[in-house]
Amino acid sequence: MSAAVREKTPEQQIADLEIRPLQPTLGAEISGVDLSRPISDATRDAIKAAVLKHKVVFFRDQALTDDQQADFAARFGPLYTHPSAKRHDNIAPLHRIAAADFNARELVPDPTSVESGYHTDTSWRLVPTWGAVLRAVSVPEIGGDTIWVDANLAYQGLPDALKARLEDLHVTHDFRHALEPLGHDYPIVSHRVVRTHRETGQKILWVNFTQRPHILGLDIAESKELLQTILYHYKKPENQVRFSWRPGSVAFWDNRAAVHYAVRNYGDFPRLMQRVLIADEPLYADL
Ligand code: SIN
């Protein structure tokens with residue numbers, strides 16, 4: 001083996017790892033690691049700690065194959081194959097997120113819900129996936145950024161009376177219109193609007209605005225009014241970090257702690273991303 005491709009020792013891997021925060025509580029850029037090579041347990045633990053602390057981390061200039069992306073993600077838990085991923089002639093569990101799918105999708109406006117692009121992944125599931133590794137395959141030179149929101153900071157910014165009001169409320173997400181045509185039968189489940197993060201203990205304001213959210217037990221107008229307030233807090237620039245993709249960029253986020261929004265301002269450019277989802281506790285991987 002030549003010196004150029006010799007694997008780093010675990011000690012070298014850790015010594016080379018640099019974590020640079022991008023915003024006070026949200027987002028960090030990690031350098032000094034090659035995600036195409038096997039990472040040591042210590043490096044994995046340091047990256048996991050950074051994901052928990054910063055909610056989303058970014059890597060630049062990574063030349064990854066599909067398998068290498070999946071192998072890296074699999075160091076952090078069992079992988080989950082999204083039902084939409086099966087549509088593609090692609091290696092499961094890689095999920096191609098292509099601009100063409102969004103342009104072609106028939107959006108059925110639902111006047112009873114608040115529609116927006118801010119979302120978490122798989123919130124229609126009883127146990128949503130905990131993490132995601134997203135890789136830029138084809139990105140426009142300008143535009144096509146992704147925004148993440150610190151959903152704990154969004155919660156902290158709520159008036160105390162609203163925090164108290166939301167405490168016992170649950171939200172449903174209805175994704176059946178997308179899942180049923182794929183042959184995926186799934187019941188509607190509800191989650192707390194304010195979830196407690198299993199690992200950090202933080203309170204997380206947790207709504208998916210792409211999947212017809214409704215707050216249980218409230219009439220439509222009241223639910224909509226509360227959801228609009230939550231959306232207002234998601235949209236505050238103080239709660240956000242925005243990432244401009246380049247070929248080889250990779251993002252890894254904690255889906256339980258951050259919500260995200262893909263900015264679609266690149267016209268007809270065939271933007272293509274590949275995402276791998278990481279299931280939560282193995283016990284619940286299939287729920
Ligand atoms: C996603 O919603 O998981 C993908 C975000 C993006 O395409 O930027």
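Predicted model only: the values in this text are computed from it and were never measured. Atoms within each ligand, like the ligands themselves, are counted from 1 in listed order.
Between Arg264 and ligand 1, not a single N/O pair is under 3.5 Å apart.
Close contacts of ligand 1 with Asp121, meaning ligand atoms under 4.0 Å from a residue heavy atom, involve 3 (O). Every atom of ligand 1 is numbered from 1 in the order shown, and the set under 4.0 Å from a heavy atom of Thr146 is 6 (C), 8 (O). Remark: ligand 1 atoms within the under-4.0 Å shell around heavy atoms of His119 are 1 (C), 2 (O). Distances below 4.0 Å separate heavy atoms of Leu134 from the following atoms of ligand 1: 4 (C), 5 (C), 6 (C).
A cation-pi arrangement, defined by a distance under 6.0 Å to the six-membered ring centre and an angle within 45 degrees of its axis, is absent between Lys48 and Phe76.
Of the candidates His260, Arg275, His82, Arg271, the one placing a heavy atom closest to atom 6 (C) of ligand 1 is Arg271.
Here the options are Leu26, Thr25, Val149, the test is side-chain contact (heavy atoms from CB on, under 4.5 Å), and the partner is Asn239; only Val149 passes.
Applying the ring-ring contact (aromatic ring centres under 6.0 Å, His included) rule to His233 yields no partners; only residues at least two apart in sequence or on another chain are considered. By the salt bridge (charged side-chain N to carboxylate O under 4.0 Å, His left out) test, Asp185 is found to be paired with no residue, residues two or more places apart in sequence or in another chain being considered.
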Test ring pair (Phe, Tyr, Trp, His ring centres under 6.0 Å) applied to Trp124 and His184, step by step: CA-CA 12 Å; Trp124 45 275; His184 193 78; 5.7 Å; yes
